[in-house]
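Hydrogens, waters and symmetry mates are skipped; everything else that's a heavy atom, side chains included, is used.
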Amino acid sequence: MIDWLLETASLREFLQHLIDDAVGATDAVGCGVTLQRRQRPLTVVSTGSVADKLDEKQYGQDDGPCLHALRTGEVVHVPDVLEETRWGSYPRFAAGLGIRSSLSLPIPARDHTAGALNFYAADPGAFSEDDRQRLALIAAQAGGGIALAQRLADAEEFTRELQTALASRSVVDQAIGSVMQQRQCTAEEAFDLLRRLSQETNLKLRDVCTRLLTGIAGRPPAERPPLRPRP
């Protein structure tokens, strides 16, 4: 898994490599990866001609082995869809597409993202106990890749927020320095004045400082690393 993570450019590409390799090592004719965020399931990658159709059928009726695995965290093994009595019209729909057995494996839920790995086969009883154990490891690897991608995304978001905060601090510090120079007051007194203006005008402190500096310089202030004003 580490090699694939290093060699692929995106989470989608990593998951595609993962399921292509898994399908090639089993009797499955297709596989789909379902992820759910904000209560909406979505097939993010798939292989084979029927996986997307089978997944969409389940999403449409809000029921099926894939969604059951995703919601309960249980492995759902269907040895023969023609003997299955759950999930309404789904088993007959699957049989109509030439699918007789399936295996849905929950992807370990992390960071509010649930998921499932769904394998489909043309023959009944296609997934042996060894297959199920091996494919459970694939589901765990998918979960690890998803968790890593989310951590990287969270880190990027934190960096953007930090940069925004530093830019805001820079503008505030510049405004404090200008007020200190004009009024011959301390940094604390200058900040209190700006804070009162913010409250009175119902504007954010950064916006008050930006307007002040724009009025003095005739142009918006440059954003730079924050500097402490001189006493």
So, do [X] and [Y] sit near enough that their side-chain heavy atoms are less than 4.5 Å apart?
X: Gln174; Y: Ser178; answer: no
X: Leu97; Y: Lys53; answer: yes
X: Tyr120; Y: Cys31; answer: no
X: Phe119; Y: Leu105; answer: yes
X: Arg100; Y: Asp123; answer: no
X: Val76; Y: Leu103; answer: no
X: Leu197; Y: Val208; answer: yes

Donor-acceptor pair, [X] side chain versus [Y] backbone, under 3.5 Å?
X: Gln16; Y: Ser46; result: yes
X: Arg132; Y: Phe127; result: yes
X: Asp192; Y: Glu189; result: no
X: Ser198; Y: Leu194; result: no
X: Glu74; Y: Ala69; result: no

Partner set under side-chain contact (heavy atoms from CB on, under 4.5 Å) for Ala126, not counting sequence neighbours: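 Testing Ala126 for side-chain contact (heavy atoms from CB on, under 4.5 Å), a comparison that skips the adjacent residues, returns Asp27, Ser101, Ala121.
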
Closest approach of [X] and [Y], non-hydrogen atoms and distance?
X: Ser89; Y: Gln61; value: OG-OE1, 3.6 Å
X: Leu135; Y: Leu117; value: O-CD2, 4.4 Å
X: Val171; Y: Leu213; value: O-CD1, 3.6 Å

Distance-only side-chain donor-acceptor flag, Asp207 / Thr210, under 3.5 Å: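 Asp207 vs Thr210: no donor-acceptor pair found between side chains.
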
No-hydrogen, no-angle side-chain donor-acceptor test under 3.5 Å, Asp55 and Thr43: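 Indeed, the side chains of Asp55 and Thr43 share at least one donor-acceptor pair under 3.5 Å.
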
For [X], does the [atom1] atom have more than 12 heavy-atom neighbours from other residues, nucleotides or ligands under 6.0 Å away?
X: Arg71; atom1: CZ; result: yes
X: Lys57; atom1: NZ; result: yes
X: Arg92; atom1: CZ; result: no
X: Glu188; atom1: CD; result: no

First locate atom [atom1] of [X], then atom [atom2] of [Y], and finally report the distance between them rounded to the nearest 0.5 Å.
X: Ile176; Y: Arg195; atom1: CD1; atom2: CZ; answer: 11.5 Å
X: Met180; Y: Gln184; atom1: CE; atom2: CD; answer: 9.0 Å
X: Asp63; Y: Gln58; atom1: CG; atom2: CD; answer: 8.0 Å
X: Gln182; Y: Leu193; atom1: CD; atom2: CG; answer: 10.0 Å
X: Asn118; Y: Leu54; atom1: CG; atom2: CG; answer: 9.0 Å
X: Glu84; Y: Tyr90; atom1: CD; atom2: OH; answer: 10.0 Å

Residues that, via side-chain heavy atoms closer than 4.5 angstrom, fall in one hydrophobic cluster with Tyr59: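 Noted: Tyr59 shares its cluster with Leu67.
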
